[in-house]
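This report refers to the structure that appears directly beneath it.
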Protein chains: 2
Amino acid sequence: MTPQVKYLPASERRAVTVDTVIELAAEQNPDSITTAAIAQRMGLTQGAVFRHFPNKDAILQAVMEWVAERLLFLVDKAARAAPSPLAALEAMFMAHVNFIIKHPGIPRILFGELQHADETIPKRIVQTLTHQYRERLHRLIEKGKANKELDANLDREAAAFLFIGMIQGLVMQSLLAGDVGRISHDAPRVFAIFRQGIRSTR
Amino acid sequence: MTPQVKYLPASERRAVTVDTVIELAAEQNPDSITTAAIAQRMGLTQGAVFRHFPNKDAILQAVMEWVAERLLFLVDKAARAAPSPLAALEAMFMAHVNFIIKHPGIPRILFGELQHADETIPKRIVQTLTHQYRERLHRLIEKGKANKELDANLDREAAAFLFIGMIQGLVMQSLLAGDVGRISHDAPRVFAIFRQGIRSTR
DNA sequence: CTGTAAAGATAGTAATCAATTACTATCTTT
DNA sequence: AAAGATAGTAATTGATTACTATCTTTACAG
């Protein structure tokens, strides 16, 4: 996908490298993506990669930073455009799901990072991301309670948990089936049950 | 944990190897568990492992088979002992969660397997497992509908999805926090929302 | 047009890991 | 207790991988 152009300015090369890693992660186990594979996909030799990153971890770190920034941006945009807290939750959900459909490699990289036992820098970025993500969910849920849209007794932490869990589940099933397209089919149906679980009982 | 005894009969050695891999997976990235590490943990040399398994993949395969069999057994037992379909779903959920708390390495191995792009044998075992798991969920949901416990219009596939997704989410959060104990605290709260989402609206 | 700094190519190194092989220790059976 | 079977050892091999040192090409400013 990403064009194979030589002699890019350093900042562009770093951006292309990030794109390439995400692209490769959609096709193979992210942990087994070699610097040689990244270079080949860009049309460079392996050594050239190290002109732009001090080591391999720095590449992954750049990927994680891009993902965190981009995902939060898209999700915020979707939530802002929604007319009510509950609608915002659904919009956020669908925006997240669509982001994953567009970049199927990303959840795989995320999962892979979480596997590492030690506290790597990429893992810390994921932690910060999910923390900020949960904060947004908590805020929307409280607004929904004030709004009477959501059950006043709703356990907001558990609800935020379930929200993220739904996405996890969708991703896992699509990994199992090897079919990313299924997600867009299943996502609204799953959200419907969630909605029933959190909304106020009239 | 597993005792370091030499000259075990082949079948026992294979069983100990499986235990050891699950043990190691709780401590480090499953993909980076080397045959040397497995051997060392058992008190053997690296080469000895290959006396009992033709290659490394066969070890993982044995692990997956053990997990699939054991999980389905525990989950079935829990469901059978429950007084109603909805209670069975909850019992199944808690049995699954407790299984993971006891063996935190297992979900990590599972995730790791799903990452592989090609159709490996371990991946196929996971597919079979989740298929059988979903069948059980579908059956319980239909029973619950007949029983009037569950909403007659409930989308059973989406509900099964969400059920598995909840567990995924709990596991992922515990991986993030590096604290398996949190699961037992959060699991019932998350299930409560799920219950609200699927039960019949009286 | 040309000098130069940045980007990339080439050709390595050291470390790691799965797998193999020739040999040895231990158990089991009769 | 001898003989055969089973389990484990020690050393090695070939492949892979992140990373590096040195040389070459390109883009572009003046």
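Letters A, B, ... are given to chains in the order of the sequence lines, protein chains preceding strands, and every chain is numbered from 1.
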Hey, could you give me the [atom1]/[atom2] distance between [X] and [Y], rounded to the nearest 0.5 Å?
X	Y	atom1	atom2	result
K145(B)	L150(B)	NZ	CG	8.5 Å
L74(A)	H96(A)	CG	NE2	10.0 Å
L89(B)	R136(B)	CG	CZ	13.0 Å
D76(B)	Y133(B)	CG	OH	10.0 Å
L8(A)	R14(A)	CG	CZ	11.5 Å
F99(B)	I101(B)	CZ	CD1	12.0 Å

Please report, rounded to the nearest Å, how far the [atom2] atom of [N] is from the [atom1] atom of [X].
X	N	atom1	atom2	result
I38(B)	dG8(D)	CD1	P	14 Å
Q40(A)	dG8(C)	CD	C1'	16 Å
D31(B)	dT17(D)	CG	P	13 Å
L8(B)	dT9(D)	CG	P	11 Å
E12(B)	dT6(D)	CD	P	16 Å
Q28(B)	dT16(C)	CD	P	14 Å
R13(B)	dG8(D)	CZ	C1'	9 Å
L44(A)	dT24(D)	CG	C1'	15 Å

Can you list, pair by pair, the side-chain donor-acceptor contacts under 3.5 Å of residues 155-165 of chain A, counting residues two or more places apart and other chains?
| residue | atom | partner | partner atom | Å |
| --- | --- | --- | --- | --- |
| D155(A) | OD1 | E157(A) | N | 3.3 |
| D155(A) | OD1 | A158(A) | N | 3.2 |
| D155(A) | OD1 | R189(B) | NH2 | 2.8 |
| D155(A) | OD2 | R189(B) | NE | 2.5 |
| D155(A) | OD2 | R189(B) | NH2 | 3.1 |

* Asked: Under 4.0 Å between a side-chain N/O of H52(B) and OP1 or OP2 of dG8(D), yes or no?
  -> yes

* Mind checking which stems touch DNA chain C? I mean at least 3 consecutive Watson-Crick or G-U pairs, both distances under 3.5 Å. =>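 Result, WC/G-U stems under 3.5 Å: C:1-30 with D:1-30.
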
* Quick one: sort the F93(A) and F191(A) rings into parallel, tilted or perpendicular, breaks at 30° and 60°. =>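 Geometry flag for F191(A) against F93(A): tilted rings.
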
* Of all the choices, dG8(C), dT9(D), dA9(C), which nucleotide is nearest to the side chain of A48(B) once you look at every atom? -> dT9(D)

* To do: Do nucleotides 17-30 of chain C as a string where each nucleotide becomes B, S or -: B if the base has a protein heavy atom under 4.0 Å, S if just the sugar-phosphate does, - if no protein is that close.
  => SBBB-B--BS----

* **Exercise: identify the closest heavy-atom pair between R13(B) and T17(B)** =>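 Looking at all heavy atoms of both residues, the closest pair is O-OG1, 2.6 Å.
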
